[in-house]
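Accompanying notes for the structure given below.
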Number of protein chains: 2
Amino acid sequence: MLSIGDLSKRTGVKVPTIRYYEQMGLMGAAERSEGNQRRYERTDLERLAFIRHARDLGLDIPAIRDLIALSRHPEMPCVDADRIAADHLSAVREKIAKLQRLEHELERIISHCDGHSIEDCYVIRALSDHGLCDGEH
Amino acid sequence: MLSIGDLSKRTGVKVPTIRYYEQMGLMGAAERSEGNQRRYERTDLERLAFIRHARDLGLDIPAIRDLIALSRHPEMPCVDADRIAADHLSAVREKIAKLQRLEHELERIISHCDGHSIEDCYVIRALSDHGLCDGEH
DNA sequence: ATAATTCCTCTAGTGACTAGAGGTTCAAGA
DNA sequence: TCTTGAACCTCTAGTCACTAGAGGAATTAT
């Protein structure tokens with residue numbers, strides 16, 4: 001049996017975060033010691049690693065909750081799990097595209113600046129006057 | 001003189017957001033009518049457009065506050081303004097790189113899934129077992 | 001036995017807004 | 001001039017995924 005601190009050390013997930021995951025229904029109520037402290041087993045370790053991994057991939061808590069629910073029904077087809085991942089992938093792609101537009105706009109603004117005075121600063125001027133922009137943000 | 005609603009319509013910034021910008025020190029306290037309602041002038045319209053534009057480019061409120069402060073000193077050199085933009089650009093590039101790593105990992109996970117049962121679902125398996133991953137997230 | 005560490009719950013803070021309650025002022029038509 | 005309805009005011013609380021801290025109880029090590 002592991003304490004919450006042990007679990008934390010082994011997974012790299014901070015103690016308050018583990019409690020937060022429990023509260024959000026990702027971890028399930030842990031057993032308790034006589035003195036009301038959480039005790040975990042090996043399966044909890046795996047579960048937490050699963051959650052952490054999914055979070056690292058950027059999945060949000062409701063999505064992870066869904067994946068956990070699905071993983072409890074091994075006989076079901078996995079289209080739902082695929083869809084969660086695919087939806088997330090397209091969201092990630094959209095974010096990338098958006099950030100790339102920003103990147104280009106910022107590059108352009110910075111490169112036009114001659115570095116002299118604020119008065120002539122292209123950074124400030126471009127922010128003041130949307131007409132100086134390239135894109136359509 | 002414009003009411004806050006007029007300002008909102010002309011800039012596309014929602015009314016509560018304008019009040020929020022005032023609270024955050026981006027907008028400066030507006031004049032008030034006899035009945036305590038905010039009244040704006042043409043310069044406020046430009047200021048708000050500046051803020052909105054900077055936000056669209058992803059700059060955060062402290063950065064925008066700094067840029068506004070700088071824009072009030074037209075004779076100063078603009079290295080500071082450039083640096084704010086350049087710092088933001090590198091932050092944007094880091095985000096892009098991170099998201100691209102996610103993109104590839106998600107693509108890989110999804111493409112490996114045969115779409116049959118949860119039991120064999122690569123999405124679920126990859127989340128459970130970090131060893132199946134390519135990258136080092 | 002005592003001290004140090006870890007644990008418990010609960011509340012509040014992060015950023016950039018957004019939504020709503022409860023009440024006041026304004027502008028336009030009768 | 002009066003009335004109605006829209007727009008305005010302030011203040012509080014909610015969003016997301018945590019993180020930090022208070023104040024106190026349990027556990028572990030010496």
Side-chain angles (χ1 to χ4, degrees), chain A residues 1-27 29-40 44 48 50-68 87-88 91-92 95 98-99 102 137, chain B residues 1-27 29-40 44 47-48 50-68 84 87-88 91-92 95 98-99 102 137:
Chain A
M1 299 296 265
L2 304 165
S3 72
I4 197 168
D6 296 333
L7 197 63
S8 170
K9 265 167 226 142
R10 297 225 201 173
T11 56
V13 179
K14 289 183 188 157
V15 169
T17 305
I18 298 171
R19 289 197 277 249
Y20 172 74
Y21 288 158
E22 179 183 318
Q23 211 185 325
M24 293 296 102
L26 299 185
M27 277 298 285
E31 285 180 53
R32 297 294 179 122
S33 72
E34 281 184 29
N36 198 35
Q37 299 193 356
R38 290 169 180 82
R39 299 297 149 189
Y40 295 96
D44 295 311
L48 187 52
F50 180 101
I51 295 167
R52 194 60 251 166
H53 194 179
R55 284 291 304 132
D56 285 345
L57 289 173
L59 289 156
D60 63 14
I61 282 170
I64 298 171
R65 212 164 9 219
D66 290 346
L67 286 171
I68 289 171
D87 285 352
H88 182 55
V92 166
K95 271 189 206 161
K98 202 169 169 185
L99 285 171
L102 284 190
H137 55 263
Chain B
M1 300 294 267
L2 304 165
S3 72
I4 197 168
D6 296 333
L7 198 62
S8 170
K9 266 167 228 144
R10 297 226 201 172
T11 57
V13 179
K14 289 182 186 159
V15 168
T17 305
I18 298 171
R19 288 197 278 247
Y20 171 75
Y21 288 157
E22 179 183 317
Q23 211 186 325
M24 292 297 102
L26 298 185
M27 277 298 285
E31 285 181 53
R32 299 293 180 121
S33 72
E34 280 185 28
N36 198 35
Q37 300 194 353
R38 290 170 181 81
R39 297 297 152 197
Y40 295 97
D44 296 311
R47 167 78 75 91
L48 186 53
F50 180 102
I51 296 167
R52 195 60 251 166
H53 194 179
R55 285 291 304 130
D56 284 345
L57 289 171
L59 290 157
D60 63 14
I61 281 169
I64 298 171
R65 210 162 13 218
D66 290 347
L67 287 172
I68 289 172
I84 290 170
D87 285 353
H88 182 56
V92 166
K95 271 189 207 161
K98 202 169 170 186
L99 285 171
L102 284 190
H137 56 262

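Chain letters run A, B, ... following the sequence lines, proteins first, then strands; residues in each count from 1. Reckoned from all heavy atoms, side chains included, excluding hydrogens, waters and symmetry mates. Because the structure is a prediction, the values reported are computed rather than measured.
- Atom P of nucleotide dA17(D) and atom CE of M24(A) are separated by 9 Å, given to the nearest angstrom.
- Remark: T17(B) is not in phosphate contact with dA16(C), judged by side-chain N or O atoms under 4.0 Å from OP1 or OP2.
- Contact annotation: R52(B) reaches the phosphate of dC17(C) (side-chain N/O to OP1 or OP2, under 4.0 Å).
- Listed here is the closest heavy atom pair of A63(B) and I84(B): CB-CG2, 4.0 Å.
- Contact annotation for R65(A): no contact, since no heavy-atom pair falls under 4.0 Å across all strands.
- Rounded to a whole Å, the CZ atom of R55(B) is 9 Å from the C1' atom of dC17(C).
- The separation between L26(B) atom CG and dA16(C) atom C1' is 11 Å, rounded to whole Å.
- Nearest nucleotide to the side chain of P16(B), out of dT25(C), dC7(C), dT18(C): dT18(C).
- For N36(A), whose side chain is taken as the heavy atoms from C-beta onward, the closest listed nucleotide among dA16(C), dT9(C), dT18(C) is dT9(C).
- For the pair I61(A) CD1 and dA17(D) C1', the interatomic distance rounds to 6 Å; values are reported in whole Å.
- No hydrogens or angles considered: nothing links the side chains of Y40(B) and R47(B) as a donor-acceptor pair under 3.5 Å.
- Among the protein residues, R19(A) comes within range of the nucleic acid bases, having at least one heavy atom under 4.0 Å from a base atom.
- OP1 or OP2 of dT27(D) sits under 4.0 Å from a side-chain N or O of S33(A).
- Whole-Å rounding puts the D6(B) CG to dA7(D) C1' distance at 10 Å.
- If K9(B) and R32(B) are placed on DNA chain D by their nearest nucleotide, the residue sitting closer to the 5' end is K9(B).
- For Y21(B), no side-chain nitrogen or oxygen approaches OP1 or OP2 of dA16(C) to under 4.0 Å.
- In this structure, I51(A) atom CD1 and dC18(D) atom C1' are separated by 14 Å, rounded to whole Å.
- Side-chain N or O atoms of H88(B) include one that pairs as donor or acceptor with a backbone N or O of L57(B) at under 3.5 Å.
- Atom OH of Y20(A) is separated from atom C1' of dC7(C) by 21 Å (rounded to the nearest Å).
- In this structure a side-chain-to-backbone donor-acceptor pair under 3.5 Å is present from D6(B) to S3(B).
- Each of E22(B) and L59(A) was matched to the nucleotide of DNA chain D holding its nearest heavy atom; the match closer to the 5' end belongs to E22(B).
- Checked by atom type and distance alone, the side chain of R55(A) never pairs as donor or acceptor with a backbone atom of I64(A) at under 3.5 Å.
- Contact annotation: S3(A) side-chain N/O to dC7(C) OP1/OP2 distance is under 4.0 Å.
- Distances shorter than 4.0 Å separate none of the side-chain N or O atoms of R38(B) from OP1 or OP2 on dC8(D).
- At dA26(D), none of the side-chain N or O atoms of R39(A) fall inside 4.0 Å of OP1 or OP2 (strictly under the cut-off).
- Look at CD1 on I64(B): it is 14 Å from P on dG15(C), rounded to the nearest Å.
- Nearest heavy-atom pair across L7(A) and M27(A) is CD2-CE, 4.3 Å.
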